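Worksheet for the structure shown next.
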Amino acid sequence: MSFLEKIVQKDVSEGLSPERLRFRFPPEPNGYLHIGHAKAICVSFGLAGEFGGHCNLRFDDTNPAKEEQRFVDSIQEDVKWLGFEWDQLCFASDYFGQLYDWAVQLIRQGDAYVCDLDGEEVRKHRGTLSEPGVDSPFRTRSVEENLELFAGMRSGEFSDGSRTLRAKIDMQSAHIVMRDPVMYRIQRSHHHRTGDDWCLYPTYDWAHGQGDAIEGVTHSLCSLEFRNHRPLYDWFLQKIGLEEVPSQTEFARLNLQFTVMSKRRLRTLVEDGHVDGWDDPRMPTLAGLRRRGVTPEAIRAFMKTIGVSKVNSMIDLTVLENHIRDHLNKMTQRRMAVLDPVKMVIENFPEDLQEMMEAVNNPEDPDAGMRQIPFEREVWIDRDDFRMDPPRKWRRLAPDAEVRLRYGYCVKVKEVITDPDSGEVTEIRCDYDPETSKGRQPEGRKVRGIIHWVPASCAAKLPVTLYSPLFSIENPDDPPEGQEFTDFIDPGSRVETTAFCEPALAQAAGGDRFQFERVGYFHVDPARSSEESPHFVRIAALRDSWAKKEKNS
RNA sequence: UACCCGGUGGUGUAAUUGGCAACACAACUGGUUUUGGUCCAGUCAUUCGAGGUUCGAGUCCUCGCCGGGUAGCCA
């Protein structure tokens with residue numbers, strides 16, 4: 001049980017009814033959701049589901065300068081895609097009126113004051129990490145004067161940034177957040193929901209806990225860096241004097257190898273053209289993962305296994321990949337496709353014959369049925385499956401070697417034709433053994449190697465994009481001294497090619513997923529496919545224990 | 001060194017709350033297999049250090065050491 005489950009379980013066992021149990025996922029609508037957000041979503045929505053409580057989706061839209069409606073829309077789409085349903089759809093901006101009234105209450109109580117210091121001066125008065133701050137000269141204003149000035153701030157009498165409303169706490173506090181934090185700043189920017197109704201906006205600290213309280217949130221979960229804000233979160237709630245208050249608990253955000261997670265860096269990737277947009281299949285955004293063909297089930301299973309704690313950690317990319325493969329293995333139909341084709345001619349196979357071979361669609365799913373693939377005298381095979389000088393334990397093609405063409409016959413190499421200039425293999429000529437159909441082993445010989453192929457006369461030549469991790473180092477979010485994270489973008493992370501596919505693949509529709517046998521999992525990219533031609537993107541390669549073995553030796 | 005949080009295998013999480021350190025991933029062996037995929041089996045830690053309390057400590061106490069966070073009118 002995670003530490004969060006323990007907290008909730010304790011509260012429930014002490015009388016908190018599941019009906020009242022409530023969480024919230026509170027994104028700021030200033031960007032696209034990424035896999036780090038997915039962790040937060042899975043944690044809060046997951047806990048709600050597990051204990052029979054509720055979870056809201058609340059937009060923390062208190063800084064109109066950075067927020068946009070399109071992000072509100074994309075975030076909702078992404079949360080739904082991940083597989084969660086929120087109880088209430090909320091906006092911090094819906095609470096602006098209530099927040100204002102509560103601010104007036106704090107002023108009346110002597111717990112807040114209008115400060116005329118500008119940003120620079122506030123910073124100077126705040127002190128440093130190891131030195132206490134100094135009181136603002138405006139700290140001792142009368143309640144009446146504060147009320148009047150605050151009303152003036154509201155009605156637009158003062159210029160942007162000229163005054164703030166600050167909580168009156170303790171400028172000597174060891175917690176910097178408690179040194180009279182700003183509650184309101186004057187900022188004339190158009191809000192995507194409230195328009196120009198307001199020229200002052202509440203800060204995160206002033207809005208967040210109050211929003212939680214208004215919604216009846218019981219458990220407000222956030223990331224570790226907000227731990228220092230907890231005393232302030234509690235202070236505001238206590239000063240307002242609410243009966244039932246939410247409690248904040250912090251947990252570590254997700255860090256994943258070979259990608260960046262900060263909004264600033266993701267924006268740089270998009271704006272400087274390093275990727276093809278927020279939904280580039282190499283991006284860790286949910287939009288990118290979706291286009292890549294990753295399933296929401298795989299993401300949820302991933303989140304479940306990595307768990308949640310208060311320790312900053314880095315998750316191996318392979319963990320995510322394994323979950324992606326695991327789900328795809330069960331759900332995708334198999335097809336054959338050759339990514340780097342070389343011609344094979346089966347000399348003793350009749351020239352005008354097309355023999356239909358029966359292939360299993362998905363060995364993991366008997367209900368997926370069978371399909372037919374035409375077998376002919378000439379087929380395409382993968383260049384990787386032939387070696388002129390095979391290493392030890394090589395099970396594929398080589399001069400004089402015999403392999404099985406998957407779901408077809410065993411063939412034995414008779415002759416290898418190479419380009420006289422480059423030495424590159426251009427054609428492999430074989431004989432087949434007619435007695436080896438339907439998996440029958442040839443007399444007295446054991447053929448271990450099995451390779452994939454496609455018929456040459458009717459192969460569908462389809463565009464494929466091979467994606468691999470965008471970065472070449474494990475932690476691009478923390479690049480080595482003196483270097484930029486963009487220095488580590490792998491130029492080979494996207495490779496455009498053409499695959500020679502079994503004919504049926506030409507009919508694949510956007511959103512379809514397949515396993516290309518012995519190669520990997522592929523998604524028909526809805527963004528780049530048309531009625532006439534599907535465009536495949538590689539979701540993940542298959543595990544390749546042979547490649548690993550060969551590399552190690 | 002102002003305050004806050006944390007430290008369990010290569011990695012990430014567990015441990016009936018003081019009772020045989022478990023699971024997954026990675027790595028390495030081997031087996032099954034018409035995908036070198038999947039699947040199956042095996043190997044891989046005396047819990048940051050030193051003391052203390054206790055029949056018994058990953059868990060409680062003390063002192064260290066190490067890592068992370070915090071000085072936006074961002075969230």
Side-chain angles (χ1 to χ4, degrees), chain A residues 1-2 6 26-28 30 60-63 65-67 115 117-120 122-123 126-133 160-166 173-179 181-187 200-201 203-205 207-208 222-231 250 252 257 263 304-316 318-323 325-326 329-330 334 336 359-360 363-364 393-396 403-408 410 436 438-441 447-452 515-521 541-550 552:
Chain A
M1 213 188 324
S2 75
K6 286 176 196 160
E28 184 188 14
N30 69 345
D60 231 333
D61 53 351
T62 56
N63 184 11
K66 294 184 175 176
E67 296 151 7
C115 181
L117 261 26
D118 66 23
E120 177 71 4
V122 167
R123 192 173 58 75
R126 187 157 35 225
T128 69
L129 291 177
S130 52
E131 299 157 29
D160 284 14
S162 63
R163 280 168 222 257
T164 55
L165 182 73
R166 302 175 67 181
S173 174
H175 292 273
I176 284 185
V177 284
M178 298 299 270
R179 319 235 261 232
V182 170
M183 297 167 65
Y184 276 101
R185 72 276 204 183
I186 302 172
Q187 182 178 310
L200 77 175
Y201 291 95
T203 56
Y204 165 85
D205 286 309
H208 202 91
C222 60
S223 47
L224 255 25
E225 68 269 28
F226 290 103
R227 180 60 184 87
N228 294 323
H229 294 241
R230 200 149 102 193
E250 310 80 19
Q257 286 179 336
K263 268 182 190 170
K304 209 168 185 173
T305 60
I306 63 170
V308 58
S309 73
K310 303 183 76 157
V311 191
N312 287 309
S313 58
M314 177 69 73
I315 306 294
D316 284 11
T318 53
V319 178
L320 208 213
E321 288 180 333
N322 281 330
H323 282 285
R325 282 193 284 252
D326 187 54
N329 176 48
K330 294 181 184 109
R334 314 289 125 125
M336 290 199 284
V360 174
E364 307 294 318
K393 297 206 172 176
W394 177 257
R395 304 218 295 243
R396 286 116 92 160
V403 300
R404 174 175 294 283
L405 294 175
R406 174 135 237 231
Y407 295 123
C410 290
T436 57
K438 295 193 166 60
R440 280 178 295 170
Q441 282 288 343
V447 177
R448 287 211 70 187
I450 298 154
I451 65 170
H452 58 284
Q515 184 199 98
F516 291 174
E517 292 215 32
R518 304 209 309 131
V519 178
Y521 295 98
L542 241 37
R543 257 213 195 89
D544 191 346
S545 59
W546 167 255
K548 192 189 292 175
K549 184 184 280 186
E550 200 174 26
N552 288 348

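Residue numbers begin at 1 in each chain, while the letters A, B, ... track the order of the sequences. Bear in mind that the values here come from a model prediction, so they are computed numbers and not experimental data.
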Which nucleotide in the list B:C74, B:U35, B:C39 gets nearest to the side chain of A:Asp326? B:C39
For A:Asn329 and B:C39, is the shortest distance between a side-chain N/O and OP1 or OP2 below 4.0 Å? no
Counting side-chain heavy atoms from CB outward, which of B:U70, B:A15, B:U35 is closest to A:Asn228? B:U70
Looking at B:G37, B:U70, B:A14, which one has an atom nearest to any side-chain atom of A:Ser2? B:A14
For B:A2, does OP1 or OP2 lie under 4.0 Å from any side-chain N or O of A:Arg126? no
From the options B:A71, B:G69, B:G6, select the nucleotide whose nearest atom is closest to the side chain of A:Glu225. B:G69
Take the protein atom CZ of A:Arg230 and the nucleotide atom C1' of B:C4, then report the distance between them rounded to whole Å. 10 Å
Applying a 4.0 Å non-hydrogen cut-off, can you work out what A:Arg334 is touching in the nucleic acid: base, sugar-phosphate, or nothing? base
B:A26, OP1 or OP2 - any side-chain N/O from A:Arg543 closer than 4.0 Å? yes
For atom C1', what is the distance between B:C63 and B:A27, given to the nearest Å? 38 Å
Could you measure between the two P atoms, the one in B:A45 and the one in B:C4, and give it in whole Å? 38 Å
Output the distance between atom NE2 (A:His323) and atom NZ (A:Lys304), rounded to the nearest 0.5 Å. 10.5 Å
Annotated structure of RNA chain B as dot-bracket, pair cut-off 3.5 Å, Watson-Crick or G-U only, | for inter-strand, is .((((((..((((.....[..)))).(((((.......)))))....(((((..]....))))))))))).....
Between atom CG in A:Asp160 and atom C1' in B:C73, what is the gap in whole Å? 10 Å
Quick note, A:Arg406 side chain, CB onward, closest among B:U34, B:U33, B:C28 is B:U34
Does A:Ser545 put a side-chain nitrogen or oxygen below 4.0 Å from OP1 or OP2 of B:G37? yes
Atom-pair distance (CZ on A:Phe226; C1' on B:G68), nearest Å: 16 Å
Considering only B:U35, B:U34, B:A75, which nucleotide approaches the side chain of A:Thr203 most closely? B:A75
Expressed in whole Å, how much space separates the P atoms belonging to B:A57 and B:U53? 11 Å
Starting from P on B:U13, measure out to NZ on A:Lys304 and report it in whole angstrom. 17 Å
The side chain of A:Thr164 lies closest to which of these nucleotides: B:G12, B:A26, B:C73? B:C73
Taking only the side-chain heavy atoms of A:Ser309 (C-beta and beyond), determine which of B:U34, B:U17, B:U13 contains the nearest atom. B:U13
Rounding to the closest angstrom, what is the interatomic distance between B:U62 and B:U54 at atom C1'? 16 Å
Please check the phosphate of B:U35 (OP1 and OP2 only) for any side-chain N or O of A:Arg518 closer than 4.0 Å. no
Any idea if B:G72 is syn or anti, going by the 90°-from-0 cut? syn
Side-chain ion pair, A:Lys330 and A:Asp326, N-O less than 4.0 Å: yes
Between B:G6 and B:U43 - P atom distance, rounded Å: 35 Å
chi for B:U17 classified (syn = within 90 degrees of 0, anti otherwise) as syn
Which nucleotide wins on minimum distance to the side chain of A:Met1, given the candidates B:A2, B:A26, B:A15? B:A15
Between B:G72 atom C1' and A:Leu129 atom CG, what is the distance in whole Å? 14 Å
Whole-Å distance between B:U8 P and A:Lys310 NZ? 15 Å
What is the distance, to the nearest angstrom, from the CD1 atom on A:Ile176 to the P atom on B:C3? 12 Å
Choosing from B:U35, B:G68, B:A75, which nucleotide comes nearest the side chain of A:Leu542? B:U35
Expressed in whole Å, how much space separates the C1' atoms belonging to B:U46 and B:A21? 10 Å
Tell me, with the steps shown, if A:Gln187 and A:Asn63 meet side-chain contact (heavy atoms from CB on, under 4.5 Å). CA-CA 9 Å; A:Gln187 182 178 310; A:Asn63 184 11; 3.2 Å; yes
Assign A:Pro363 to base, sugar-phosphate, or nothing according to its heavy-atom contacts below 4.0 angstrom with the strands shown. base
Quickly work out the A:Lys66 NZ to B:C73 C1' distance and round it to whole Å. 12 Å
